[in-house]
Amino acid sequence: MTDATALPGQPRGGALSGPATARAVNVLAHNASPMTLDGTNTWIVAEPDSELAVVIDPGPLDDGHLRHVVDTAGRAGRRVALTLLTHGHPDHAEGAARFAELTGTRVRALDPALRLGDEGLGAGDVVTVGGLELRVVPTPGHTADSLSFHLPADRAVLTGDTVLGRGTTVVAHPDGRLGDYLDSLRRLRSLTVDDGVRTVLPGHGPVLEDAQGAVEYYLAHRAHRLAQVETAVEDGYRTPAEVVAHVYADVDRSLWPAAELSVRAQLEYLEEHGLIR
Ligand SMILES: [Zn+2]
């Protein structure tokens with residue numbers, strides 16, 4: 001989900017199916033739209049010499065896509081051993097139960113309602129499959145249940161909708177909260193500064209080769225939008241719809257309903273911090 005068209009973080013072309021790092025392969029789902037960019041990126045992640053793979057975000061309930069993911073892993077000599085979800089939005093998670101059926105895997109997610117099997121997923125968890133190591137990084141804000149997955153061996157992070165390959169994401173109020181989102185961006189920035197993460201493998205759009213630049217851009221963009229919303233309220237724009245029409249005038253109208261969610265999140269944040277009333 002996106003609300004702008006700028007290009008942070010040195011995107012690597014368009015979103016394409018195929019290898020992105022030594023361990024991560026993208027299979028692009030056929031659900032392109034203004035909200036999903038080129039479509040959902042379904043990631044197959046595995047150690048180079050392993051027969052076992054992890055799939056992150058099977059995507060929409062599209063049997064052709066789900067089977068294509070299984071086949072792609074199979075052609076590389078791999079069996080899908082585990083399914084993970086970055087969050088519960090249908091363009092990422094709707095196909096998870098069917099995918100689990102096709103592969104005989106468990107589904108792990110932060111939200112218990114999305115899990116299949118008895119294992120959850122949360123802060124500090126380290127997922128290991130066939131020698132592969134993925135560290136779970138809680139990144140709420142786009143939604144309350146949003147997670148990112150740090151892939152240290154490739155100096156990469158899989159961000160779901162928290163950071164996109166193009167544009168910026170929606171803080172999906174009321175489930176998504178701006179204060180959480182800013183904390184999550186700072187957590188991702190610390191991964192780039194302190195843990196050497198270079199590459200963003202996003203849930204939509206192209207791979208980003210400058211993870212720190214992308215996160216800095218997102219933080220700057222959020223601060224800029226927040227200042228614009230604060231000024232709009234001071235200038236007498238009161239309802240979320242009025243603020244959207246004023247602040248997001250440069251954004252395609254098809255994205256205004258999503259922008260309104262972000263504006264509601266921003267108004268809530270400004271009120272909570274006593275910046276408007
Ligand atoms: Zn989402």
Side-chain angles (χ1 to χ4, degrees), residues 1-5 8-9 15 26-43 55-62 65-66 69 83-97 99 107-115 121-122 136-149 157-185 187-188 200-208 214-215 218 221-222 225 248 251-252 254-266:
M1 313 218 316
T2 176
D3 69 5
T5 51
N26 182 25
V27 182
L28 187 60
H30 305 290
N31 59 340
S33 77
M35 294 299 289
T36 60
L37 305 178
D38 318 72
T40 301
N41 295 332
T42 294
W43 292 101
V55 165
I56 297 173
D57 289 350
L61 185 51
D62 167 351
H65 171 66
L66 300 175
V69 174
T83 304
L84 303 177
L85 296 175
T86 59
H87 65 300
H89 278 159
D91 55 324
H92 297 257
E94 187 189 43
F99 188 71
V107 177
R108 295 180 65 180
L110 180 66
D111 182 350
L114 299 170
R115 296 173 190 163
L121 205 56
V136 179
V137 183
T139 46
H142 168 66
T143 60
D145 71 335
S146 287
L147 299 174
S148 295
F149 299 102
V157 62
L158 297 110
T159 53
D161 283 358
T162 299
V163 175
L164 302 177
R166 198 159 58 241
T168 55
T169 200
V170 168
V171 179
H173 176 86
D175 182 47
R177 295 172 57 86
L178 181 59
D180 289 347
Y181 187 63
L182 295 174
D183 287 344
S184 293
L185 291 178
R187 200 167 292 133
L188 290 175
V200 171
L201 306 174
H204 303 277
V207 170
L208 299 174
V215 175
Y218 268 59
H221 170 81
R222 276 294 146 217
R225 283 289 189 218
Y248 289 77
V251 170
D252 191 290
S254 68
L255 298 172
W256 280 15
E260 186 168 327
L261 298 180
S262 284
V263 163
R264 287 178 184 274
Q266 291 174 89

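Keep in mind that this is a model prediction, so the values were computed, not measured. Read the numbers this way: they start at 1 and go in the same order the structure lists the ligands and their atoms. Throughout, numbering of the chain's residues begins at 1 and tracks the sequence.
Centred on the Zn ion (ligand 1), the NE2 atom of His87 and the ND1 atom of His89 lie at an angle of 100°, reported to 10°.
Every residue two or more places apart in sequence or in another chain was checked for a salt bridge (Lys or Arg N to Asp or Glu O under 4.0 Å) with Asp175, and none qualifies. Taking Arg264 as the reference, Glu260 meet the salt bridge (Lys or Arg N to Asp or Glu O under 4.0 Å) condition, with sequence neighbours excluded.
Side chain to side chain, Ser184 and Thr162 fail the donor-acceptor criterion of an N or O pair below 3.5 Å. Thr143 and His89 share no donor-acceptor pair across their side chains, judged by distance under 3.5 Å alone.
At a cut-off of 2.8 Å, Asp91 is not counted among the residues with an N, O or S atom near the Zn ion (ligand 1).
Nearest N/O/S atom of Asp161 relative to the Zn ion (ligand 1): this is OD2.
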